[in-house]
Each structure stands twice: as C-alpha cells, then as structure tokens.
Amino acid sequence: MPRDARLLIIATAFAVPLHAAEYTAAGRIGTSGEYDDNVRLVESGGTSIAGASVAPALRLGYRTPDVTASLDTQLNFARFDESDYDSNDQRMVFDVAKKTPRNELALQAGGVRDSTRTSELEDTGRVSNRAVRREDYWIAPSWLTYLGERNALRFGASFHDVFFDSASYTDYTTAAADATWLHILSPRTTLKLQGYLNRFEANDALDTRSDTAGVLAGADFALTQNLKLSALAGLANVETRYDLPPGAPFADRSDENVTVVDAKLDYTQPRWSLSFNVASQTYPSGDGLVQQRHFARASWSYRISELATLRIGALYGKNESVESRFAIDRDYADADVGIDWRITQSLFLNARYRYRFQDYDYSAGEADGNAVLLGLRYEPAPKRWSR
C-alpha cells in the first residue's frame with residue numbers, strides 16, 4: 001500500500017472515531033404578555049386576567065451510532081393581576097433508546113407540574129377560581145423486535161400518577177400495556193394489529209377501578225412523498241368496579257363496550273404543512289372516571305416569507321362518561337391563529353389570538369372566552385460537539 005494511502009487511513013481513523021459520541025445543547029427563553037376575558041370558561045360571572053410570563057427551556061442530547069438520549073426541561077413563571085392564577089410550572093422529560101440489528105429498546109420518564117388554568121379544557125373543563133396545582137409523573141418503556149424483513153412486534157407499557165391540589169378533582173393512577181404486530185405489505189403500506197390493557201384507579205371514597213381491554217387494526221400509508229395517512233379502529237371493553245356500602249342505590253359494577261378510532265393525516269409542501277387527526281378514545285379523567293373523548297384536531301402552517309410564518313390550529317371535541325349514568329357530557333372547542341416573525345437569526349416575535357368554547361349537556365347556557373398573547377423568544381443555534 002502506498003505511504004500516502006496509509007497516512008490517509010490513519011488520519012481518517014483519528015478524525016472520525018468508530019463510535020464517536022455527539023453531544024448537543026439547545027436553549028431558549030421566551031417572555032409574553034397575555035389577556036384572557038374568561039379564564040374560568042364559565043357561562044356567567046367570568047374572571048378576566050392580564051399578566052406576563054417568562055419561559056426558559058433547555059434540551060440536552062447525546063448520540064452514538066446505537067444509543068440516543070435526551071433531557072428536555074421547560075419552565076414557565078406566570079404572574080397575573082388576579083394573583084390566584086399565578087403559577088410556576090415545570091416539565092421535564094428524559095428519553096433514552098438503544099438499537100441493535102434486530103431490536104430497539106426505549107424508555108421515557110417524565111413529570112409535569114402545571115395548573116388547571118392550562119390543563120383542563122380537554123379533561124374536566126373546570127378551571128376553578130384559582131390555578132390549582134396538577135402533577136403528572138410517568139414512566140414508559142418499550143421494545144421493538146424485528147422478526148424478519150417484513151414483520152416486527154412492538155411491546156409497550158406505561159404508568160402515570162396524577163395528583164391535584166384540590167378536593168374538587170380526583171387523584172388517580174393508570175397502568176397500561178400493549179402489543180402491536182407490524183407487517184410491511186409494500187414500501188408504502190404497513191399493516192398494524194394492536195391489543196392493549198389499561199387499569200385506572202381513582203383515589204376517591206368509592207375506590208373506583210376500571211379495566212379497559214381493546215383490540216385495534218389498521219395501517220400506515222405513504223400515499224405520496226408528501227401525503228401520509230395512519231388509521232386504527234377497533235373495540236374496547238371497559239369494566240368498572242366500586243366499593244359501595246350495603247343498600248347503595250346503584251350497582252357496584254358496570255360493563256360497557258365502546259368503539260375506538262384514531263386516524264391521522266399529514267401533508268407537507270415546501271411552504272406549508274397540514275395535519276389532521278380524528279379520534280374516539282378512552283381517557284382517564286380528573287372527574288374520577290374513564291371518559292370517552294370524540295375529537296377532531298387540525299393544524300396548518302404557512303411560511304409567508306423567509307421571516308414570517310402563519311399558524312392556525314383548531315380542536316372540536318365531545319367528552320362523555322363511558323357509563324351513561326354520570327352526567328358529564330360536554331362539547332368544547334379551541335381555536336387559535338398566530339404569526340411568528342423572525343427579527344434576527346435567533347430572536348422571534350409572536351402574536352396569537354385564541355378562542356375557547358364549552359357547553360355542558362346538563363346546563364342551559366354556553367361559555368366562551370377570548371385571549372390575546374404577544375411574546376418575544378430568544379432561541380440561539382444549538383451547540384454541538386463530539387468526543
């Protein structure tokens with residue numbers, strides 16, 4: 001081998017180690033002003049608030065050819081003229097994944113400490129007359145194993161512990177497990193068959209426990225290079241048990257069957273993108289029971305210029321108790337339109353208008369609210385280094 005070739009190989013080996021690790025750090029900080037004319041989203045006697053928030057965030061990453069890990073930390077400090085709605089919120093999520101030729105192992109663990117001012121539109125719909133602390137801690141491992149060129153199995157599990165700092169809401173835990181078979185039918189189509197189990201336990205006087213077992217079938221389609229569709233549909237059985245005193249006026253057990261659907265459509269173009277999701281699924285609730293939520297969600301972004309991007313989002317949903325004897329049925333909507341303006345390479349100005357609506361079936365009136373936000377965000381380029 002020529003001497004120059006040997007030197008080139010040696011230099012390349014030292015310049016790019018076989019298992020080089022890459023580290024990343026991405027930070028940002030934002031500040032915003034907000035006005036909301038009905039923060040509690042009630043029919044009458046609503047409370048308007050005005051205030052400001054500061055939201056720093058940091059994401060740390062680690063990557064090798066077979067291992068990735070990240071730690072994402074987000075904080076939000078909000079102060080309002082109605083101090084009952086002040087809050088200091090935190091979100092921290094740790095992800096780690098390892099790949100081998102035939103397997104992918106992953107683990108996510110995290111925690112969110114927010115308040116009912118921001119968490120309840122899609123759950124109970126009740127904000128309360130103050131920002132009630134809500135905490136959600138979880139862990140979720142998963143394992144994907146390839147059975148050949150066309151088949152794979154994915155196993156997942158999760159555990160959540162949710163706590164509210166108010167007796168008006170119900171603390172609960174959930175434990176879930178699922179198994180999914182994937183079959184590559186063609187380069188553009190992957191079939192999926194999934195079975196899952198969920199256990200919901202409410203920390204209430206009735207010691208409510210609900211077990212959900214479901215089966216779903218569907219597929220992922222890459223219809224074109226820019227258009228992707230994912231769809232699952234099936235049935236689930238929800239069995240609920242209560243510890244009732246003797247002579248209670250209703251049964252201590254219920255057994256309900258529900259239809260479950262989840263369909264997503266994503267379409268991208270060089271200057272704009274559209275995402276649409278329609279679903280009917282069961283969820284745990286701070287009302288102390290299992291809900292079925294039917295909803296449609298859409299988001300659209302359009303790059304007006306190199307400096308400005310228009311964003312529009314919309315959500316319409318209907319929540320109902322899986323057990324018809326509980327009167328919590330509610331329609332709700334959430335829509336927003338905003339614009340992001342790049343002032344410099346790292347500094348962004350954003351303005352946003354938000355509209356919310358809800359209507360309880362057991363109430364004669366409707367509630368709606370309007371909010372306006374104006375913010376500034378500093379987001380420098382991520383730092384990268386390797387060793």
Side-chain angles (χ1 to χ4, degrees), residues 23-36 39-40 49-63 68-96 107-123 127-128 130-140 158-166 169 171 286 299 309 311 313 334 336 338-352 354 356 371-385:
Y23 300 85
T24 59
R28 69 178 186 273
I29 184 168
T31 182
S32 64
E34 175 182 354
Y35 172 76
D36 190 326
V39 64
R40 294 167 54 205
I49 60 172
S53 64
V54 176
L58 177 64
R59 181 181 177 85
L60 303 175
Y62 168 83
R63 179 184 295 273
T68 60
S70 66
L71 179 63
D72 192 359
T73 304
Q74 302 175 33
L75 309 176
N76 188 283
F77 306 96
R79 297 293 180 268
F80 298 97
D81 55 353
E82 294 286 341
S83 60
D84 286 338
Y85 293 98
D86 293 351
S87 63
N88 299 320
D89 300 342
Q90 304 90 36
R91 175 183 174 86
M92 181 176 290
V93 179
F94 173 71
D95 285 286
V96 62
L107 175 69
Q108 183 182 91
V112 174
R113 300 180 73 248
D114 56 9
S115 75
T116 53
R117 184 179 67 86
T118 56
S119 69
E120 293 308 295
L121 178 63
E122 296 181 45
D123 185 358
V127 173
S128 189
R130 64 181 177 90
V132 175
R133 171 64 68 197
R134 173 186 175 274
E135 300 182 11
D136 180 5
Y137 302 99
W138 71 88
I139 185 168
S158 66
F159 176 81
H160 281 256
D161 190 356
V162 179
F163 163 80
F164 294 90
D165 189 23
S166 171
Y169 305 87
D171 303 341
S299 62
T309 301
R311 304 183 191 279
D334 188 8
D336 65 89
I339 188 167
D340 289 343
W341 184 274
R342 183 191 291 271
I343 301 173
T344 69
Q345 190 67 25
S346 303
L347 192 62
F348 301 83
L349 177 69
N350 52 78
R352 179 177 168 227
R354 182 187 185 194
R356 294 172 300 147
V372 179
L373 300 93
L374 183 64
L376 196 64
R377 184 177 79 256
Y378 176 65
E379 189 170 349
K383 302 297 182 182
R384 301 179 185 274
W385 65 98

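The CZ atom of R91 sits 11.5 Å away from the CG atom of D89 when rounded to the nearest 0.5 Å. Distance check: I29 CD1 to R377 CZ gives 12.5 Å after rounding to the nearest 0.5 Å. Expressed to the nearest 0.5 Å, how far OH of Y62 lies from CG of D95 amounts to 15.5 Å. Going from atom NZ of K383 over to atom CG of L60 covers 14.0 Å, rounded to the nearest 0.5 Å.
More than 12 heavy-atom neighbours from other residues, nucleotides or ligands sit within 6.0 angstrom of CZ on R133. Summarising the local packing, OH of Y378 is surrounded by 12 or fewer heavy atoms from other residues, nucleotides or ligands at distances under 6.0 Å.
Contact check on D334 versus R356 returns no salt bridge, with no Lys/Arg side-chain nitrogen under 4.0 Å from an Asp/Glu carboxylate oxygen. A salt bridge links E34 with R117; the closest basic N to acidic carboxylate O contact falls under 4.0 Å.
At distances below 3.5 Å, not a single donor-acceptor pair connects side-chain atoms of D81 with backbone N or O atoms of I49.
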Subject >> side-chain contact (heavy atoms from CB on, under 4.5 Å) between Y137 and R113, intermediate numbers included >> reply: CA-CA 9 Å; Y137 302 99; R113 300 180 73 248; 3.5 Å; yes

Original post:
Passes side-chain contact (heavy atoms from CB on, under 4.5 Å), L349 versus L374? Steps please.
Top reply: CA-CA 8 Å; L349 177 69; L374 183 64; 4.2 Å; yes

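Checking R79 against N88 by side-chain atom types alone, a donor-acceptor pair falls below 3.5 Å.
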